[in-house]
Enquirer: 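Take this structure first; my questions come after.
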Amino acid sequence: MADALSVISTSVLRNLSDKLYEKRKNAALEIEGIVRQLASAGDHDKITAVINLLTTEFTMSSQANHRKGGLIGLAAATVGLSNDAAQHLEQIVPPVLNSFSDQDSRVRYYACEALYNIAKVVRGDFIIFFNQIFDALCKLSADSDVNVQSAAHLLDRLVKDIVTESDQFSIEEFIPLLRERMNVLNPFVRQFLVGWITVLDSVPDIDMLGFLPDFLDGLFNMLSDSSHEIRQQADSALSEFLQEIKNSPSVDYRRMAEILVQRADSPDEFTRLTAITWMNEFVKLGGDQLVRYYADILGAILPCISDKEEKIRVVARETNEELRAIRADPAEGFDVGAILSISKRQLSSEWDATRSEALQWILTLLDRHRAEVLSYLNEILDSLLKALSDKSDEVVLLVLEIHACIAKDQHHFRQLLVFLVHKFRVDNTLLEKRGALIIRKLCVLLNAEIVYRELSMILEGEADLDFASTMVQALNLILLTSSELTELRDLLKKSLANDSGKDLFVSLYASWCHAPMAIISLCLLAQAYQHASVVIRSLGEEDITVRFLVQLDKLVRLLETPIFAYLRLQLLDPGRYSWLLKVLYGLLMLLPQQSAAFKILRTRLKTVPPYSFNGDIMRTASGTYYSQRIHHVPTGSQITEDGDLGVDSLANMHNGINFSVRLQQFEQMLQQHRSQARLQSQQHHNNLTSSKEKQKHEDQSSEPDISRPPSRTSRRGSGQS
C-alpha cells in the first residue's frame with residue numbers, strides 16, 4: 001500500500017471518492033496516466049500495489065462513492081496497462097464482478113461500465129472469466145433498475161462479439177452453466193439465454209447441435225411463456241436447430257426423443273405441436289436409431305391423434321403412419337411387449353380415434369410378430385374383451401378383427417368364443433346392443449359355420465338356462481336376417497338332402513332346443529316341416545309365455561321377408577307341402593286373434609290354393625268348401641313334403657337325421673326349462689308370501705289394544721240406541 005501511496009497523491013485518492021462524477025473521472029484519468037508510466041517502466045510491482053489499493057480501500061469500502069471510484073479506477077488502470085493488462089486481470093476482474101451484486105444500483109451500473117471498458121482493452125484475454133461474467137450478466141438482465149439493465153445489455157453485446165471472434169472459448173465448460181440457467185422463469189433472463197444460444201449457434205467453430213439435448217427442454221419450456229416475444233424467439237431457435245438436424249449426418253436422436261415425449265404431453269398447444277413436429281422429423285430421419293424408443297414415441301403420439309387442435313391431429317396421424325411403416329425386428333431392440341403395453345393403456349382413452357389407432361397397432365404387431373404377441377396374450381386379452389363393450393362401432397369392429405386374427409389357432413378360437421359367451425352372460429346390455437354386430441363380424445372374419453357350430457356346442461351345456469335361451473334366440477335371429485350368413489342359410493336348406501347341411505342342422509339343434517321358437521325357425525329353414533309340426537304340438541300351456549309370443553311375432557313377420565320367399569312359393573303346392581300348411585296353421589292357432597301377427601299370417605294363408613288334409617270336405621281360410629284331393633302312391637307308402645316314403649315318417653331317418661331322437665332331445669330340454677320356471681315361480685310366491693306376512697305382523701303391532709271391555713257408559717249408550 002505504501003508503494004501505491006508513493007505514486008498516487010492524496011488529492012487524487014480524495015477526488016476518486018468524491019460524490020461528484022467529474023472529480024472521480026478526473027482522478028481516474030490521472031491514475032490511468034500513472035499506471036501507463038509504471039507499465040512503460042516495467043514496474044509491475046507498483047502496478048499490483050495500485051490495483052490492490054483500489055480494490056481494498058475503494059471497491060470493498062462501505063461508502064458507495066468509494067466503491068464507484070474504485071470501479072472507475074480499476075477500469076482506468078486497465079486502460080493504462082493496455083497490452084500488459086492480461087497479466088493483471090486476475091486482480092482486476094473479480095472485484096468488478098463482485099460489485100454486480102452490490103445493493104446500490106449506481107454501483108452496479110458503474111460495475112457494468114467498468115467491465116465494459118476492461119473488456120474493450122483485453123478482448124479475448126478475459127475469456128477465462130466468461131462463465132463468471134455470463135452468470136453475472138444473466139442476473140443483471142433481470143435487474144430492477146432500468147439503467148443497470150441497459151448497461152448490462154451493452155456489456156452483453158460486447159462480450160458476444162468477443163466470444164464469436166475468440167478461439168479460446170470452451171463450449172464444454174459453458175454448457176453446464178447454460179443448462180442450469182435454462183429453468184429460470186424470469187422473462188428477461190429467458191431472452192438473455194435465447195440470445196446467447198442463437199449467437200453461439202451461429203459460430204461455425206462451436207458445435208451447439210451436439211449439446212442440444214442439454215438445453216432442448218429449456219427451449220421447449222419457453223414456448224409456453226406468457227410473453228409473445230419470448231415464444232417467438234424460442235420457436236425461431238428451435239426451427240433453426242431442426243433445420244440443422246435435417247442437414248447433419250450424425251445426430252443424437254435418443255436423448256432428444258425422451259424430451260420430446262414429455263413435451264408432447266404439455267398442456268400448451270404450441271408446445272405440443274412443436275414437439276409432435278420434431279418427432280415427425282425424427283421418425284423420418286432417424287427411425288433406425290429410435291427403435292428402442294418406439295414405445296415411448298407411440299405413447300406420446302396416440303393421445304395427440306385426438307387432440308382438439310387440428311394441426312396437432314394431422315401431424316400426429318402422419319407421424320403414427322411413418323412409425324408404423326418402419327419394420328423393426330425384436331433382434332434390433334424392438335420391444336413388442338412395450339408397444340402392446342402402450343396400446344393397452346390407450347384403450348382406456350376417452351377418445352375414439354386414439355382407441356382405434358391403439359387397436360390398429362395391435363393388429364399390425366399380430367401381422368408382423370404373431371408369436372411374440374401371443375406370448376403376451378394373457379396381459380392384453382381382458383382389455384380386448386372389455387373393448388367389445390366400447391361405445392364406438394369402429395372400435396368394436398377393430399377389436400373383433402384382432403380377436404379373429406388371434407383365433408386362427410384352434411385353441412384360441414374356442415377360448416375366444418367361451419370368453420365371448422361369458423361376456424354376454426355377465427353383460428346382458430352388450431348382447432342386446434352389440435350382440436348382432438359382434439357375431440356377424442366374427443362370421444365374416446372367421447368361418448360362419450365353424451363359429452355357429454362352436455357357439456352351439458358351448459351353449460348346449462350352459463347351466464344358466466334363461467341366458468342360454470336368450471342367447472339362442474339372438475343367434476337364431478342373426479341367422480335368419482343377416483346377409484353375412486346367406487351361405488349358412490343355404491346350407492341349412494339342404495339339411496334333408498346334403499350331408500353337410502345335415503351335420504350343421506344336428507349341431508345347431510342341440511342348443512337351439514333352449515328356445516322353442518328357435519327350433520321351429522330352424523326346422524322351417526331346413527324344410528323339416530313335419531318335425532316342426534310335431535314340435536308345435538308338443539308345446540304345453542306353460543310354454544306359451546309372453547317371451548314365446550314375442551318371438552313368434554318376430555317369426556311371422558320374418559316369414560314375409562325375401563329370406564323365406566322359397567317357403568311362401570311352396571304354399572302354391574299344398575298337396576306336396578301339407579306339413580308346411582299344418583305348421584303355419586299351428587302357429588296361427590298359438591297367436592292371439594287380436595294380434596297383428598295373427599292377421600298377417602291369416603292373410604297369407606287365405607292366398608293358399610284350397611287343399612284338404614284328411615279326405616273330407618273342409619273349409620279353407622277363405623271360407624269356401626272344397627273336396628279332398630287323392631294322391632295315388634305305392635301301397636303302404638305316402639309321399640311327405642320332406643321327400644320321404646314311409647308310413648311313420650317321424651320314426652324313419654331323413655338323410656341320416658333321426659327326428660325321433662331329436663324330438664326326445666327337445667322335450668328333455670323343454671322339461672328342464674319348465675322345471676326351472678316352476679322353481680322360480682315357487683320362489684317368487686314364497687318371497688311374496690313372506691313379505692305379506694311380515695307386513696301383516698308390522699300392521700298388527702301398530703294397532704291399539706282393544707282387549708279390554710268397553711266402559712259401562714259405553715255399554716249403556718249402546719243399549720239405549
Side-chain angles (χ1 to χ4, degrees), residues 359 363 381 384-410 412-462 464-493 501 503-505 507-515 517-519 521-522 524-526 547 550-551 554-555 558 561 563:
L359 292 169
L363 272 174
L381 186 58
L384 290 174
L385 288 170
K386 288 180 180 177
L388 290 172
S389 304
D390 198 277
K391 60 183 180 181
S392 167
D393 286 349
E394 180 183 357
V395 171
V396 172
L397 292 175
L398 282 171
V399 174
L400 290 171
E401 283 191 47
I402 293 173
H403 282 304
C405 189
I406 294 172
K408 289 178 180 178
D409 300 333
Q410 180 60 32
H412 291 122
F413 172 74
R414 178 166 178 80
Q415 186 183 36
L416 164 63
L417 294 184
V418 169
F419 272 117
L420 188 60
V421 170
H422 171 73
K423 190 71 176 173
F424 285 146
R425 184 189 304 111
V426 298
D427 186 0
N428 190 51
T429 305
L430 177 64
L431 179 58
E432 290 178 3
K433 294 184 177 180
R434 291 286 172 74
L437 175 67
I438 292 171
I439 299 299
R440 288 165 55 194
K441 187 64 176 179
L442 283 178
C443 288
V444 171
L445 297 171
L446 302 169
N447 185 286
E449 181 180 351
I450 297 176
V451 170
Y452 260 73
R453 282 177 179 271
E454 194 66 38
L455 286 172
S456 179
M457 191 181 302
I458 295 169
L459 291 171
E460 182 181 355
E462 175 61 45
D464 187 343
L465 297 182
D466 285 339
F467 165 72
S469 177
T470 302
M471 185 74 189
V472 166
Q473 289 170 16
L475 290 174
N476 183 63
L477 188 61
I478 296 168
L479 174 64
L480 295 178
T481 59
S482 175
S483 59
E484 292 86 349
L485 273 67
T486 301
E487 293 183 4
L488 201 61
R489 289 195 296 271
D490 291 341
L491 186 59
L492 281 169
K493 290 176 185 178
D503 292 342
L504 177 60
F505 177 84
S507 176
L508 297 184
Y509 193 99
S511 60
W512 258 236
C513 288
H514 282 292
M517 284 312 305
I519 280 290
S521 302
L522 184 65
L524 290 177
L525 201 58
R547 173 188 271 183
V550 170
Q551 294 300 317
K554 290 182 180 178
L555 175 59
L558 283 173
T561 63
I563 292 173

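The figures here come from the full heavy-atom set of this structure, side chains too, leaving out hydrogens, waters and symmetry mates.
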Enquirer: Strictly distance-based, threshold 3.5 Å: is any side-chain N or O of Asn447 a donor or acceptor partner for the main-chain N or O of Ile450?
Expert: yes
Enquirer: Counting C-beta onward and ignoring hydrogens, is there a side-chain heavy-atom pair between Thr470 and Arg547 closer than 4.5 Å?
Expert: yes
Enquirer: Roughly how far, to the nearest 0.5 Å, is CG of Leu388 from CG of Leu420?
Expert: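 Answer rounded to 0.5 Å: 6.5 Å.
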Enquirer: Once rounded to the nearest 0.5 Å, what's the spacing between atom OG of Ser511 and atom CD of Glu462?
Expert: 11.0 Å
Enquirer: Is any side-chain heavy atom of Ile563 less than 4.5 Å from a side-chain heavy atom of Leu558?
Expert: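 Side chain of Ile563 against side chain of Leu558, heavy atoms only: no contact under 4.5 Å found.
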Enquirer: If every non-hydrogen atom of Phe413 is compared with every non-hydrogen atom of Ala407, which pair is closest and at what distance?
Expert: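 Minimum heavy-atom separation between Phe413 and Ala407: CB-O, 3.3 Å.
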Enquirer: Carefully, step by step, assess Leu359 and Leu384 under the rule side-chain contact (heavy atoms from CB on, under 4.5 Å).
Expert: CA-CA 9 Å; Leu359 292 169; Leu384 290 174; 3.9 Å; yes
Enquirer: About how many Å separate CG of Leu385 and CG of Leu416, when rounded to the nearest 0.5 Å?
Expert: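 Atom-to-atom, Leu416:CG and Leu385:CG are 7.5 Å apart.
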Enquirer: Just verifying a value: how many Å separate His422 NE2 and Asp427 CG, rounded to the nearest 0.5 Å?
Expert: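 Answer rounded to 0.5 Å: 10.0 Å.
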Enquirer: Ignoring hydrogens and geometry, is there a side-chain-to-backbone donor-acceptor pair from Ser456 to Ser507 under 3.5 Å?
Expert: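 Indeed, once roles are kept as given, a pair shorter than 3.5 Å links the two residues.
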Enquirer: For His412 and Ile406, work out which heavy atoms get closest and say how close.
Expert: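 It is CB-O, 3.4 Å.
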Enquirer: Is there a side-chain contact between Thr481 and Thr561, using heavy atoms and a 4.5 Å cut-off?
Expert: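 Not touching, per the 4.5 Å side-chain cut-off.
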Enquirer: Check whether any side-chain N or O of Ser469 sits under 3.5 Å from a backbone N or O of Leu465 as a donor-acceptor pair, and report yes or no.
Expert: no
Enquirer: Search all heavy atoms of Met517 against all heavy atoms of Leu555 and return the closest pair with its distance.
Expert: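 Reported closest heavy-atom pair: CE-CD2, 3.1 Å.
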Enquirer: Evaluate the criterion side chain to side chain donor-acceptor pair (under 3.5 Å) for residue pair Ser482 and Glu484; output intermediate values, then yes/no.
Expert: CA-CA 5 Å; Ser482 175; Glu484 292 86 349; 2.4 Å; yes
Enquirer: Taking all heavy atoms of Ala387 and all of Val399, pick out the closest pair and write down the distance.
Expert: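 What the structure gives for the nearest pair is CB-CG2, 3.4 Å.
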Enquirer: Test your reading of the model: is there a side-chain donor-acceptor pair from Tyr452 to the backbone of Leu504, 3.5 Å cut-off?
Expert: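 A pair under 3.5 Å: no.
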Enquirer: Minimum heavy-atom separation for Leu446 and Ala404, please, with both atom names.
Expert: CD2-O, 3.6 Å
Enquirer: Give the intermediate values and the outcome of side-chain contact (heavy atoms from CB on, under 4.5 Å) for residues Leu397 and Leu437.
Expert: CA-CA 8 Å; Leu397 292 175; Leu437 175 67; 3.6 Å; yes
Enquirer: Quick check against the 3.5 Å criterion: does Arg434 have a side-chain atom that pairs as donor or acceptor with the backbone of Lys391?
Expert: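 Side chain of Arg434 to backbone of Lys391: a pair is present.
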Enquirer: When you look at His403 and Lys441, which way does the side-chain contact (heavy atoms from CB on, under 4.5 Å) test go after all the steps?
Expert: CA-CA 11 Å; His403 282 304; Lys441 187 64 176 179; over 6 Å; no
Enquirer: His514 side chain to Leu459 main-chain N or O, any donor-acceptor pair under 3.5 Å?
Expert: yes
Enquirer: Could you measure the distance from the CG atom of Leu524 to the NZ atom of Lys493? Nearest 0.5 Å is fine.
Expert: 12.0 Å
Enquirer: Using atom types as modelled and distance alone, determine if a side-chain donor or acceptor of Arg414 lies under 3.5 Å from a backbone N or O of Ile458.
Expert: no
Enquirer: In Å and rounded to the nearest 0.5 Å, what is the CG to CZ distance from Leu430 to Phe424?
Expert: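 With rounding to 0.5 Å, CG (Leu430) is 5.0 Å from CZ (Phe424).
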Enquirer: So does Ser483 get a backbone contact from the side chain of Thr486, meaning a donor-acceptor N/O pair under 3.5 Å?
Expert: yes
Enquirer: Under the side chain to side chain donor-acceptor pair (under 3.5 Å) rule, collect the residues that match up with Gln551, sequence neighbours excluded.
Expert: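 Gln473.
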Enquirer: Would you please test Leu508 and Leu522 for side-chain contact (heavy atoms from CB on, under 4.5 Å) and show each step?
Expert: CA-CA 8 Å; Leu508 297 184; Leu522 184 65; 4.2 Å; yes
Enquirer: Any side-chain heavy atom of Trp512 within less than 4.5 Å of one from Leu475?
Expert: yes
Enquirer: Do Arg453 and Asp503 come close enough that some side-chain heavy atom pair is under 4.5 Å?
Expert: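 Result yes, sub-4.5 Å side-chain heavy-atom pair found.
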Enquirer: Please find the pair of heavy atoms, one from Ile478 and one from Ala436, that lie closest to each other, and give the distance.
Expert: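 Looking at all heavy atoms of both residues, the shortest contact is CD1-CA, 3.6 Å.
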